Amino acid sequence: MSDNLSYLSGRKGLSDNLFENYVAEAEETGTVEREKLSELANDFLIGDANTFGATSFYDFLKEENKGKKVYVCNGSACLCAGTQKKLVENLSTHFKPEEIGEMCCLGRCHENGAFNYEGNNYSAKTSEEIDSIIKNKTAAVDNYYVGSNCDEPILTSEFVGVEQYYQSLWEALKKSPDELLEDYKSSGLRGRGGAGFPKSYKLEAVKNAKGDQKFIVCNADEGDPGAYSDRWLLEERPHSVLFGMILAGYIGGADKGVLYIRAEYPESVRITEVAVQDLRERGYLGENIQGSGFNFDFKVIKAAGAYVCGEETALLSSIEGQRPEVRVRPPFPAQQGLFNCPTLVNNVETFASVHYIVTEGGEAYGRRGRGRSTGTKLVCLDSFFNRPGMYEVEMGTPLSEVINDLGQGFKSPVKALHVGGPLGGIVPASHFDKLTVDFESFAENGFLLGHAGVLSVPESFPMVKYLEHLFEFTSVESCGKCFPCRLGAKRGWEMLEKAQKDGYKIERQLMDDLLETMEDGSLCALGGGLPLGIKNAMQYFEEELNEYFA
Amino acid sequence: MSTQTTNTKMSVNENGQLNGEAAIKTAFINDEAFQMKQGETILSFVRRHYGQEEVPTLCDAPNLDPFGSCRVCSVEVALEKGGKTKTVASCHTPLSEGYYIYTSSPKMQRLRKNIVELVLTDHPLDCLTCEVNGNCELQTVAAQVGIRDVRYPEGETHLHREKDLSHPYMTSDLSKCINCYRCVRACDEVQGQFVLSMAGRGFDNRIIKGADTTFDDSACVSCGACSQACPTSAISDVFQSKAIKATETTRTVCTYCGVGCNLEVATKSGEILSIQAPYDAEVNQGHTCLKGRYAFKFYDHPERLRDPLIKRNGKFEKATWEETYDYIVSKLEKIKEENGPDAIAGISSSRCTNEENYLMQKFIRAVVGTNNIDGCARVCHSPTALGMQRVYGTGAATNSVDDINDTDLMMVIGANPTKAHPVTGAKIKQRAMKGAKLIVIDPYRTEIAKYADYHLQLRPGTNVAVLNMMLYYIVMEGRAQNDFIKARTIGYEDFVQSIHKLDIDKLEEVSGVDRNLAKAAALAYADAPNAMSFHGLGVTEHSQGTFTVMLIAQLAMITGNIGRRGVGVNPLRGQNNVQGSADMGVQPHQGAGYMDVNNEEIINTYSDFYGVDVPLGEGLKIPQMFDAAIEGRLKAAWIIGEDVAQTDPNTKKVVAALSNLDILIVQELFMTETALLADVVLPGASFLEKDGTFTNGERRIQRVQQVVEPIGNSKVDGQIIIDVMNRMGYKQADYDAKTMLEEISQIVPFFRGVKWEELGEQGKQWPVKEDGTDTQILHTEEFKIGKGVFAAFDWQESAEVEANGKEYPFILTTVRELEHYNCGAMTRRTGNVEILGEDYLVINPSDAEAKGIKHGDMVCIMSERGKADVRAKVSTDVKPGILSSTFHFPEIMLNNLTSDIHDSEAMCPEYKVVSVDIRKSKGEFKRPATV
């Protein structure tokens, strides 16, 4: 984090955005040539080290990415499904080993065998399927079930068409920001990105912050393996997200919205861009929208492969073309965010919930759900379920109902569910009946609802291997800024790896110390969140794991 | 410690702000109540009350923003006594009222130890042979948290990283790096150079220089901030400045520019090992530049003059001091007897202390009996002193450099501070990056011009035209601050009438500055709540230098930007003590304390004080001395620490003048171009070898403290002057900074309350009242002169361009480079010469093409006076038709080209406008042997 770099990048801001320059330059070869990096460093007055340093951070910008032609998903769901080894073998008949790269979670957890080729995502399990994709450029198909247990779905209800959908925006723009903010407050809407922070707090802070320029940023970079609900929203309900952002802009006093979307979701980027263009053409964006005196427009930014950008401050640094390292708070983004300006950062699903709140009223939303977990939640189920897919559930729905009724049970025995992404808790089968889908139930039982992606750990999958995967994931994705995460994740990974190979036994005290150090010491939820799942596993799968400990 | 107070229930919102007004400002450390300060972090709170050692840190540094990477500073915080705690990093967590902070619970002790253990899994365990053994923060913290062993199995490490020894000063051994980012942050937040960053991600993060290159190949400006910031020896320097070899450190003040950085010099057995910048220094807050930090090895360079020399039969011969004094005294006395005292002149040195400058002018006035005393200010800021005196009554900076932090707009005219005043330059840049507006008026696209909101890239010699345009728009757009003008100034009505008559078409045409740009800049300056101006030699070294200074001073008055923090007119003084030398009376028209030597009453005061009659009436300014020497009126000159032969304009004339003297005495560190012409050479002492005071560009009188003994048979310059004074019959006690300062305080009014002991480490800004209180801001209530004076000036074309512009169509302007200082006598004898080894000529690509000159070619520059060959650097930093060149190297002798046209008022030479023509050098350029 550097205020100076934020300022210097902000001199060109979104119009000639530094990060977009990197991404555009890497389009051809997979990396940004050094001369170009130097040119950008001069243009932005930020020095060669910063352009080189920033691009070297990202999977799809760094020099090692040069010449990659196909990327295989290495996310948790594909790992547990065991599809990827065969996939790589099959792909190897078409590509040289150095042309095959990795991507972390393409959001195809519902069918696995996921890979990215020429900017499109596919799932394929057989060599015939792959041959057909590579040779015949078969269009990507992506089928999964979308359902709900709600009488009146909020997020998955049928889309009524742009014109009708935005009617409520024109109505809302007649109200004062304060009036609208009241609706937010009474809705009790909490951030859907994982932290569950009340949305109105952030928005009110942005509204009250001093500054001529403010930003609304949509965090569409939550790359939790197992969760593909953001992808569904961006691809199937982009206007829900855009609507929520425009209204936040009106309330917060911001005239720019930025959608920062994972590169691993190429379709999401394309579809969102089309939706924005549609709004522009309709005159729903720009200066003095529909005579309201309110100005707003969007910028869609495609990310470049770094899980940590899902952390809001890292995301802001990323947009600025800085290394996406987690910032200290305060200052909070609401005070000093993008280009040092007050900024609201919310998750895709959070923005998408706004339309209902505005049309039906905050209190109506607040009545939905359970307790302090108001409203509904999107839950994603992976391919171990008989009916994989994405479901909208009322907050408070029993987890067993999700598993058995919506998911229609498991295809093969599952010993645990990893809920809420890699930083979520590992829920053993014994607890499936004890939990309800809401923030409180999960927290009280020592787990985390998070983003509510549900990943199955099958009976046959060694827990030690799964834990090694979690440490590896954290180590590879760590921004490297804080010591506990940078060093701790690596050492944890090494210990688990070693324990499976050389008869090495992990000292239990050392592992406890390591987990405590990461949990208490880490700067953000990446290093701080990993220990939860590990501790769950050590508690509930003690017997299975015993042989690896001294 | 404050009294215990009842805890009120706190609720902290998302932004860490307290809900509701807090009446009692108390928080608790380990259940003990302490008073809190507005805006402090938990760490600073704990350290203030419990000492530095209570909470260890690795990534925190005194001059850097909190960063929160190491997490070693973690503490537990509860909202009530013994309540549920949360672990937070104390360095970046703001303190709130009623916090219960637990600094060393078993849990925190465990956490710190476990973090440091992780660090040690990727750190070489070679402390005993490491250069920072005993002064390594990691080593200290590891001991503090009680690490005994590393329990992790052997894993991947970064211990194989190669050292970088490419640079003359900077070194790195990144196997020792703990990834605390302190170097990266220092390069960003302190210097603003952005040479360092991290590359890679996670465990593989590693420090890079530039695009993953070496220090030497990067854009590093060698300020050393990273080396000082690094807690281990991962980044260091060739002097190993963090090693504990030194047995002593001495705090003193830098000898280079007028910023006046405080330095901490480490020595062992009378040898200087290294220099660091103290964090507590108000002037430089732990920062300095490569000159201050690294360019000190001139002091014991083999070429240092170690003995007095007398020229006999055209050759210098070593002599004893007695012999030399006898020689000088007999010569001077003979000339005085035969030709009168006015046949003798002195040029004192702004590199010397106040005490020494005072002595030199006293010697010339009281012992020789003439006012022929001048100094380097003549060729740099004499127009500033004169111009600001005319408008305000005081010829010095109105404010302090630290005011940059309180300003909304900075206007930099004719100055390249990142090169010539690097620490101030870095501060200006930092402030600009925090959003303060920046106007740069300069023919050169300087580094800060790149950061500027408005760069008025005028043709050299048109400052008056551009400032008039700005004043015009301020008046015409109704932005003049009439209340201020009415209350505190005179002459405004006539001034406005002249402004109305300005021909903007003409001013726009001659300056090459678009009127809209001038207008926008003017209005930004006028509309800023607080606007501060800085200027350098690009203002003064012109035929209209004094007028330009007066217009800058008036621009501040017309917009009311005077007399409070964050405003004012702030000349960036060149030499370390150029402010002081003028204060001490090193000027032919004013004695010590700026009192007029044409005034009989004042002369009587001086005479009484010195105990001998001192002469009435102005003496010779430096250019007049040269004329007098050529005409035979001046027979003797004593020049201290000023290489006039290399640095004054029109070298041929200067050399002719010096050669025509009966005796030229040169007191120097090195055999400079001027010393070569001398009859007697006196080996003086460098700043590291003496006590005294320097006064920096913000009027701050700071203590210079002797670090080592004068080398060889050299002597403290003040003592040399005293020895001659005594031999010429004037009793002056031996040189002692304290007693000299006492004498000075009795005659210089604004030094009245200055006492050696009381100057302390931060010094004092004059005027210093009898009771010792000093002054940060001048002219707060009224101007020294009473009412500030408005006077209009029309732009006039330089006589140089009028006379020679047709035949010599290019305009050459002389500039300075970061690595070298003026004639380079000192910096050329340090590692700096490995970084920049020659002068260069900057030429616009279109001119280069038209003249068939390529980047790196030698170019012959020709003026009416002479020629010089310089290597070309083709760059768009200058506009077509404009050239710029440095003059640090005697091989080039650039001043063969410059003219002796000077400022109409202060006689400061017009270095900045030289009409020249250029062509590609013929044949192979033969570089002359180094002097």
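As the structure is a prediction and not an experimental result, all values here were calculated from the model.
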*How long is the span from the NZ atom in A/Lys214 to the SG atom in A/Cys341, to the nearest 0.5 Å?*
10.0 Å
*asked:* I'd like to verify something: which residue of A/Leu514, A/Leu510, A/Thr517, A/Asp48 has the highest number of heavy-atom pairs under 4.5 Å with chain B?
replied: A/Leu510
*For residues A/Tyr548 and A/Tyr504, establish whether the separation of their ring centroids is below 6.0 Å.*
no
*For residues A/Tyr58 and A/Phe19, establish whether the separation of their ring centroids is below 6.0 Å.*
yes
_Which one wins on heavy-atom pair count under 4.5 Å against chain B: A/Glu494, A/Arg34, A/Glu497?_
A/Glu494
*Is a salt bridge present between B/Arg182 and B/Glu137, judged by a nitrogen-to-oxygen distance below 4.0 Å?*
yes
*For the residue pair B/Tyr181 and B/Phe67, is the inter-centroid distance of their aromatic rings smaller than 6.0 Å?*
yes
*Partner chain A: residue of B/Ile115, B/Asn179, B/Thr93, B/Val184 with the largest heavy-atom pair count (under 4.5 Å)*: B/Asn179
*Any idea which of B/Thr87, B/Val72, B/Asn114 has the most non-hydrogen atom pairs under 4.5 angstrom with chain A?*
B/Asn114
*chain A heavy atoms under 4.5 Å from B/Cys180: which part of the residue, side chain, backbone, both or neither?*
both
*Looking at A/Gly47, A/Pro198, A/Cys485, A/Gly521, which has the largest count of heavy-atom pairs under 4.5 Å with chain B?*
A/Gly521
*Which bit of A/Ile506 is near chain B, if near means a heavy-atom gap under 4.5 Å: side chain, backbone, both or neither?*
neither
*Is there side-chain contact between A/Arg491 and B/Asp122, with heavy atoms separated by less than 4.5 Å?*
yes
*If you tally heavy-atom pairs under 4.5 Å against chain A, which of B/Pro153, B/Gly68, B/Cys91 wins?*
B/Pro153
*Portion of B/Val195 that has a non-hydrogen atom of chain A nearer than 4.5 angstrom*: backbone
